[in-house]
Amino acid sequence: MAKWTAFPYDNAAFIYDAASLKKHWARLHAGDAEPWPKDAAVVQAWILFHAGEFQKAAEAGLAAGGAGITVANKAQAIYANYLEKKEKAKLELLLEVAERAEAQQAEDPKNANAYYWQAYAIGRYSQGISVAKALAQGLGGKVKGALEKTIALAPKHADAHIALGAFHAEVIDKVGKLLGKTQGADTATGLAMFEQALKLNPSSAIAKIERANGLVMLEGDKRMKQAEALYTEAAACEPMDAMECLDVEMAREELED
(Lines give C-alpha, C1' and ligand atoms only; values in the text may rest on other atoms or scores of the structure.)
Protein backbone atom coordinates (compact mmCIF):
# COMPACT_ATOMS: atom_id res chain seq x y z
CA MET A 1 0.00 0.00 0.00
CA ALA A 2 1.43 3.41 -1.00
CA LYS A 3 1.95 5.86 1.85
CA TRP A 4 -1.13 8.03 2.34
CA THR A 5 -1.00 11.78 2.93
CA ALA A 6 -1.05 12.57 6.65
CA PHE A 7 -4.01 14.29 8.31
CA PRO A 8 -3.02 17.97 7.98
CA TYR A 9 -4.47 19.45 11.19
CA ASP A 10 -3.76 19.20 14.91
CA ASN A 11 -5.39 15.99 16.14
CA ALA A 12 -4.65 16.36 19.89
CA ALA A 13 -8.37 16.80 20.69
CA PHE A 14 -9.29 13.68 18.72
CA ILE A 15 -7.18 11.10 20.52
CA TYR A 16 -9.41 8.70 22.44
CA ASP A 17 -8.79 5.61 24.51
CA ALA A 18 -11.33 2.78 24.69
CA ALA A 19 -13.16 4.30 27.70
CA SER A 20 -13.43 7.84 26.30
CA LEU A 21 -14.38 6.52 22.86
CA LYS A 22 -17.20 4.47 24.37
CA LYS A 23 -18.42 7.53 26.29
CA HIS A 24 -18.58 9.64 23.12
CA TRP A 25 -19.55 6.83 20.73
CA ALA A 26 -23.21 7.82 20.28
CA ARG A 27 -22.25 11.38 19.33
CA LEU A 28 -19.34 10.33 17.08
CA HIS A 29 -21.47 7.76 15.27
CA ALA A 30 -24.74 9.68 15.07
CA GLY A 31 -24.09 9.86 11.33
CA ASP A 32 -23.37 6.23 10.49
CA ALA A 33 -25.35 4.44 13.25
CA GLU A 34 -22.46 1.98 13.70
CA PRO A 35 -22.90 -0.16 16.84
CA TRP A 36 -20.21 -0.27 19.53
CA PRO A 37 -17.71 -3.00 18.54
CA LYS A 38 -17.55 -6.28 20.43
CA ASP A 39 -13.93 -6.85 19.40
CA ALA A 40 -11.11 -4.91 21.14
CA ALA A 41 -9.06 -4.90 17.91
CA VAL A 42 -11.92 -3.14 16.11
CA VAL A 43 -12.13 -0.57 18.93
CA GLN A 44 -8.42 0.14 18.41
CA ALA A 45 -9.00 0.60 14.68
CA TRP A 46 -11.73 3.14 15.42
CA ILE A 47 -9.42 4.98 17.83
CA LEU A 48 -6.97 5.37 14.93
CA PHE A 49 -9.75 6.50 12.58
CA HIS A 50 -11.07 9.21 14.88
CA ALA A 51 -7.52 10.51 15.41
CA GLY A 52 -7.05 10.93 11.65
CA GLU A 53 -4.62 8.02 11.30
CA PHE A 54 -6.57 6.87 8.27
CA GLN A 55 -4.01 4.50 6.75
CA LYS A 56 -3.29 2.82 10.10
CA ALA A 57 -7.05 2.58 10.76
CA ALA A 58 -7.63 0.91 7.39
CA GLU A 59 -4.79 -1.56 7.98
CA ALA A 60 -5.96 -2.33 11.53
CA GLY A 61 -9.55 -2.77 10.39
CA LEU A 62 -8.58 -5.17 7.62
CA ALA A 63 -6.37 -7.13 10.03
CA ALA A 64 -9.24 -7.39 12.55
CA GLY A 65 -11.74 -8.58 9.91
CA GLY A 66 -15.48 -8.81 10.63
CA ALA A 67 -16.72 -5.43 11.86
CA GLY A 68 -13.20 -4.11 11.25
CA ILE A 69 -13.96 -4.09 7.51
CA THR A 70 -16.32 -1.19 8.15
CA VAL A 71 -13.54 0.84 9.82
CA ALA A 72 -11.24 0.07 6.89
CA ASN A 73 -13.88 1.10 4.36
CA LYS A 74 -14.72 4.33 6.18
CA ALA A 75 -11.06 5.26 6.70
CA GLN A 76 -10.18 4.60 3.06
CA ALA A 77 -13.26 6.34 1.65
CA ILE A 78 -12.84 9.44 3.81
CA TYR A 79 -9.12 9.58 3.05
CA ALA A 80 -9.72 9.21 -0.69
CA ASN A 81 -12.42 11.88 -0.74
CA TYR A 82 -10.66 14.53 1.35
CA LEU A 83 -6.90 13.99 1.26
CA GLU A 84 -5.76 11.97 -1.78
CA LYS A 85 -4.32 14.48 -4.25
CA LYS A 86 -3.90 12.18 -7.27
CA GLU A 87 -7.21 11.64 -9.07
CA LYS A 88 -6.28 8.20 -10.42
CA ALA A 89 -5.26 6.96 -6.96
CA LYS A 90 -8.42 8.44 -5.44
CA LEU A 91 -10.67 6.62 -7.90
CA GLU A 92 -8.80 3.35 -7.36
CA LEU A 93 -9.15 3.65 -3.57
CA LEU A 94 -12.89 4.29 -3.91
CA LEU A 95 -13.39 1.30 -6.20
CA GLU A 96 -11.56 -0.91 -3.69
CA VAL A 97 -13.95 0.24 -0.96
CA ALA A 98 -16.98 -0.44 -3.17
CA GLU A 99 -15.75 -3.98 -3.94
CA ARG A 100 -14.90 -4.73 -0.32
CA ALA A 101 -18.26 -3.41 0.87
CA GLU A 102 -20.10 -5.57 -1.66
CA ALA A 103 -18.21 -8.63 -0.41
CA GLN A 104 -19.08 -7.62 3.16
CA GLN A 105 -22.78 -7.58 2.22
CA ALA A 106 -22.53 -11.23 1.17
CA GLU A 107 -20.89 -12.13 4.50
CA ASP A 108 -23.15 -9.96 6.65
CA PRO A 109 -26.34 -9.05 4.74
CA LYS A 110 -27.88 -7.14 7.67
CA ASN A 111 -24.89 -4.82 8.08
CA ALA A 112 -26.25 -1.39 7.09
CA ASN A 113 -22.80 0.12 6.63
CA ALA A 114 -21.77 -2.58 4.16
CA TYR A 115 -24.38 -1.04 1.84
CA TYR A 116 -23.63 2.54 2.88
CA TRP A 117 -19.91 2.42 2.13
CA GLN A 118 -20.55 0.78 -1.22
CA ALA A 119 -22.94 3.63 -2.07
CA TYR A 120 -20.60 6.33 -0.74
CA ALA A 121 -17.61 4.97 -2.66
CA ILE A 122 -19.53 4.59 -5.94
CA GLY A 123 -21.10 8.03 -5.45
CA ARG A 124 -17.74 9.76 -4.98
CA TYR A 125 -16.26 7.72 -7.84
CA SER A 126 -19.18 8.87 -10.02
CA GLN A 127 -18.47 12.51 -9.17
CA GLY A 128 -14.85 11.88 -10.17
CA ILE A 129 -15.66 10.48 -13.62
CA SER A 130 -18.70 12.83 -14.11
CA VAL A 131 -22.21 12.10 -12.94
CA ALA A 132 -23.56 11.90 -16.51
CA LYS A 133 -20.97 9.24 -17.44
CA ALA A 134 -21.69 7.32 -14.22
CA LEU A 135 -25.43 7.32 -14.95
CA ALA A 136 -24.76 5.98 -18.44
CA GLN A 137 -22.82 3.12 -16.80
CA GLY A 138 -25.76 2.29 -14.53
CA LEU A 139 -23.98 3.41 -11.35
CA GLY A 140 -26.82 5.70 -10.27
CA GLY A 141 -29.15 2.77 -9.69
CA LYS A 142 -26.48 1.01 -7.62
CA VAL A 143 -26.00 4.06 -5.40
CA LYS A 144 -29.73 4.64 -4.92
CA GLY A 145 -30.44 0.95 -4.23
CA ALA A 146 -27.62 0.61 -1.70
CA LEU A 147 -28.67 3.78 0.15
CA GLU A 148 -32.31 2.71 0.30
CA LYS A 149 -31.16 -0.65 1.67
CA THR A 150 -29.03 1.15 4.28
CA ILE A 151 -32.02 3.16 5.48
CA ALA A 152 -34.27 0.08 5.50
CA LEU A 153 -31.75 -1.68 7.78
CA ALA A 154 -30.91 1.41 9.88
CA PRO A 155 -33.70 4.04 9.71
CA LYS A 156 -31.66 6.47 11.88
CA HIS A 157 -28.64 6.39 9.54
CA ALA A 158 -28.29 10.15 9.04
CA ASP A 159 -25.40 9.88 6.58
CA ALA A 160 -27.42 7.63 4.27
CA HIS A 161 -30.19 10.24 4.25
CA ILE A 162 -27.61 12.91 3.34
CA ALA A 163 -26.18 10.76 0.56
CA LEU A 164 -29.60 9.88 -0.84
CA GLY A 165 -30.53 13.57 -0.84
CA ALA A 166 -27.28 14.29 -2.67
CA PHE A 167 -28.07 11.56 -5.21
CA HIS A 168 -31.43 13.17 -6.08
CA ALA A 169 -29.85 16.66 -6.22
CA GLU A 170 -26.81 15.65 -8.31
CA VAL A 171 -28.87 13.71 -10.86
CA ILE A 172 -31.42 16.51 -11.32
CA ASP A 173 -28.66 19.13 -11.47
CA LYS A 174 -26.70 17.23 -14.14
CA VAL A 175 -29.46 15.80 -16.38
CA GLY A 176 -32.56 17.85 -15.48
CA LYS A 177 -35.86 16.95 -13.83
CA LEU A 178 -37.31 15.06 -16.79
CA LEU A 179 -34.35 12.75 -17.37
CA GLY A 180 -33.82 12.64 -13.61
CA LYS A 181 -37.19 10.91 -13.26
CA THR A 182 -35.91 8.02 -15.37
CA GLN A 183 -33.16 7.58 -12.74
CA GLY A 184 -35.69 7.71 -9.89
CA ALA A 185 -34.65 11.22 -8.83
CA ASP A 186 -37.09 13.92 -7.76
CA THR A 187 -36.84 17.25 -5.98
CA ALA A 188 -39.30 16.61 -3.15
CA THR A 189 -37.58 13.38 -2.06
CA GLY A 190 -34.16 15.04 -2.19
CA LEU A 191 -35.27 17.94 0.00
CA ALA A 192 -36.98 15.59 2.46
CA MET A 193 -33.81 13.47 2.79
CA PHE A 194 -31.65 16.48 3.66
CA GLU A 195 -34.20 17.65 6.21
CA GLN A 196 -34.41 14.22 7.84
CA ALA A 197 -30.61 13.95 8.01
CA LEU A 198 -30.40 17.17 10.03
CA LYS A 199 -33.19 16.02 12.34
CA LEU A 200 -31.27 12.79 13.00
CA ASN A 201 -27.87 14.48 13.39
CA PRO A 202 -28.34 18.23 14.01
CA SER A 203 -24.69 18.88 14.93
CA SER A 204 -23.36 17.45 11.65
CA ALA A 205 -21.30 19.88 9.58
CA ILE A 206 -21.47 17.65 6.50
CA ALA A 207 -25.27 17.43 6.73
CA LYS A 208 -25.41 21.24 6.65
CA ILE A 209 -22.90 21.45 3.78
CA GLU A 210 -24.64 18.84 1.64
CA ARG A 211 -28.05 20.35 2.34
CA ALA A 212 -26.74 23.77 1.29
CA ASN A 213 -25.36 22.33 -1.96
CA GLY A 214 -28.54 20.34 -2.54
CA LEU A 215 -30.85 23.31 -2.03
CA VAL A 216 -29.04 25.28 -4.74
CA MET A 217 -28.91 22.30 -7.12
CA LEU A 218 -32.60 21.54 -6.66
CA GLU A 219 -34.11 25.02 -6.35
CA GLY A 220 -31.55 27.43 -7.75
CA ASP A 221 -30.32 30.86 -6.69
CA LYS A 222 -33.40 31.66 -4.61
CA ARG A 223 -31.92 29.27 -2.01
CA MET A 224 -28.46 30.91 -2.02
CA LYS A 225 -28.97 32.88 1.21
CA GLN A 226 -30.17 29.78 3.05
CA ALA A 227 -27.22 27.82 1.64
CA GLU A 228 -24.77 30.48 2.85
CA ALA A 229 -26.35 30.38 6.31
CA LEU A 230 -25.95 26.59 6.40
CA TYR A 231 -22.28 26.91 5.41
CA THR A 232 -21.80 29.47 8.20
CA GLU A 233 -23.39 27.05 10.68
CA ALA A 234 -21.16 24.22 9.40
CA ALA A 235 -18.03 26.34 9.78
CA ALA A 236 -18.98 27.07 13.39
CA CYS A 237 -19.44 23.40 14.34
CA GLU A 238 -17.10 21.99 17.00
CA PRO A 239 -15.44 18.87 15.52
CA MET A 240 -15.04 15.81 17.73
CA ASP A 241 -12.81 13.83 15.40
CA ALA A 242 -10.59 14.16 12.34
CA MET A 243 -13.37 13.54 9.83
CA GLU A 244 -15.56 16.26 11.35
CA CYS A 245 -12.53 18.56 11.36
CA LEU A 246 -12.14 18.04 7.60
CA ASP A 247 -15.82 18.90 7.09
CA VAL A 248 -15.58 22.09 9.17
CA GLU A 249 -12.40 23.18 7.39
CA MET A 250 -14.10 22.58 4.03
CA ALA A 251 -16.99 24.85 5.08
CA ARG A 252 -14.57 27.54 6.24
CA GLU A 253 -12.63 27.44 2.97
CA GLU A 254 -15.86 27.72 0.98
CA LEU A 255 -16.89 30.81 2.94
CA GLU A 256 -13.49 32.43 2.35
CA ASP A 257 -13.66 31.93 -1.45
Side-chain angles (χ1 to χ4, degrees), residues 1-2 4 32 54 58 62 69-70 72-109 111-154 157 159-194 197 206 209-211 213-218 250:
M1 193 184 275
W4 293 2
D32 67 4
F54 296 126
L62 290 174
I69 302 300
T70 302
N73 286 344
K74 185 167 186 172
Q76 187 164 324
I78 295 303
Y79 168 78
N81 186 52
Y82 289 90
L83 297 175
E84 179 50 61
K85 306 248 185 327
K86 294 174 184 168
E87 191 65 17
K88 184 172 180 286
K90 173 182 175 176
L91 295 178
E92 285 171 358
L93 287 166
L94 290 169
L95 283 179
E96 267 184 28
V97 172
E99 286 167 14
R100 214 159 47 215
E102 193 166 9
Q104 190 184 21
Q105 293 163 20
E107 292 285 320
D108 188 4
N111 185 331
N113 279 318
Y115 299 90
Y116 176 72
W117 288 110
Q118 180 196 23
Y120 181 97
I122 295 174
R124 294 302 188 192
Y125 174 84
S126 298
Q127 289 172 331
I129 65 168
S130 96
V131 171
K133 193 182 283 187
L135 292 174
Q137 292 177 16
L139 297 180
K142 275 193 173 181
V143 171
K144 184 171 180 282
L147 290 172
E148 288 169 348
K149 181 73 172 176
T150 305
I151 292 168
L153 289 167
H157 200 299
D159 291 349
H161 284 84
I162 297 168
L164 195 49
F167 164 81
H168 287 274
E170 287 265 8
V171 171
I172 289 168
D173 182 55
K174 299 301 183 291
V175 303
K177 289 187 180 181
L178 200 60
L179 278 175
K181 275 187 182 176
T182 67
Q183 298 287 337
D186 72 271
T187 299
T189 305
L191 293 172
M193 287 292 155
F194 289 127
I206 195 62
I209 291 166
E210 292 288 6
R211 188 182 187 202
N213 295 341
L215 286 172
V216 175
M217 280 193 265
L218 290 168
M250 181 169 65

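Among residues two or more places apart in sequence or in another chain, the side-chain hydrogen bond (donor to acceptor under 3.5 Å, both in side chains) test is passed with N73 by R100. In this structure Y79 satisfies the ring pair (Phe, Tyr, Trp, His ring centres under 6.0 Å) test together with W4, sequence neighbours excluded. A192 meets the side chain to side chain contact (heavy atoms under 4.5 Å, CB included) test with no other residue; sequence neighbours excluded. Scored by the salt bridge (Lys or Arg N to Asp or Glu O under 4.0 Å) test, K88 finds E92 as partners (sequence neighbours excluded). By the side-chain hydrogen bond (donor to acceptor under 3.5 Å, both in side chains) test, E102 pairs with no residue at all, sequence neighbours left out. Applying the side chain to side chain contact (heavy atoms under 4.5 Å, CB included) rule to S126 yields the partners I122, A134, L139; only residues at least two apart in sequence or on another chain are considered. In this view, I78 and F49, F54, K74, Y82, W117, Y120, M243, L246 satisfy the side chain to side chain contact (heavy atoms under 4.5 Å, CB included) rule, not counting sequence neighbours. By the side-chain hydrogen bond (donor to acceptor under 3.5 Å, both in side chains) test, N111 pairs with D108, sequence neighbours left out. For the ring pair (Phe, Tyr, Trp, His ring centres under 6.0 Å) test, residues two or more places apart in sequence or in another chain that qualify with H157 are Y116. Residues meeting the side-chain hydrogen bond (donor to acceptor under 3.5 Å, both in side chains) test with T70, sequence neighbours left out: Q104.
Using a 4.5 Å heavy-atom cutoff, the side chains of M250 and I206 are in contact. The shortest distance between side-chain heavy atoms of Y125 and L95 falls below 4.5 Å. Using a 4.5 Å cut-off on side-chain heavy atoms (C-beta onward), M193 and I162 make no contact.
Considering CG of L215 and OG1 of T187, their distance stands at 11.0 Å, rounded to 0.5 Å. Here the straight-line distance linking atom CG of N81 with atom CG of L94 works out to 7.0 Å at 0.5 Å rounding. In this structure, I209 CD1 and R211 CZ are separated by 14.0 Å, a value rounded to the nearest 0.5 Å. With rounding to the nearest 0.5 Å, the separation of CD in E170 from CD in Q127 is 4.5 Å. How far NE2 of H168 is from CG of L147: 9.0 Å, rounded to the nearest 0.5 Å.
The two atoms that bring L93 and A80 nearest to each other are CB-CB, 3.9 Å, heavy atoms only. When all heavy atoms of A58 and A75 are compared, the closest pair comes out as N-CB, 4.0 Å. Of all the heavy atoms in A101 and A114, the pair that sits closest is CB-O, 3.2 Å. Annotation for A160 and I151: closest pair CB-CG1, 3.7 Å, computed over non-hydrogen atoms. Taking all atoms of both residues into account, the shortest heavy-atom contact from A146 to A119 is CB-CB, 3.8 Å.
Formation of a donor-acceptor pair under 3.5 Å by the N113 side chain with backbone atoms of D32 is found in this model. Side chain of E210 to main chain of A166: no donor-acceptor pair is present (N/O by atom type, distance under 3.5 Å, no hydrogens or angles). Without hydrogens or angle criteria, Q118 side chain to A98 main chain gives no donor-acceptor distance under 3.5 Å.
Between L218 and the options D186, N213, L191, a side-chain contact (heavy atoms from CB on, under 4.5 Å) holds for only L191.
At most 12 heavy atoms of other shown residues, nucleotides or ligands fall within 6.0 angstrom of atom CD in E107.
Applying the salt bridge (charged side-chain N to carboxylate O under 4.0 Å, His left out) test to pairs two or more places apart or on separate chains, those with a residue in residues 127-151 are K144-E148.
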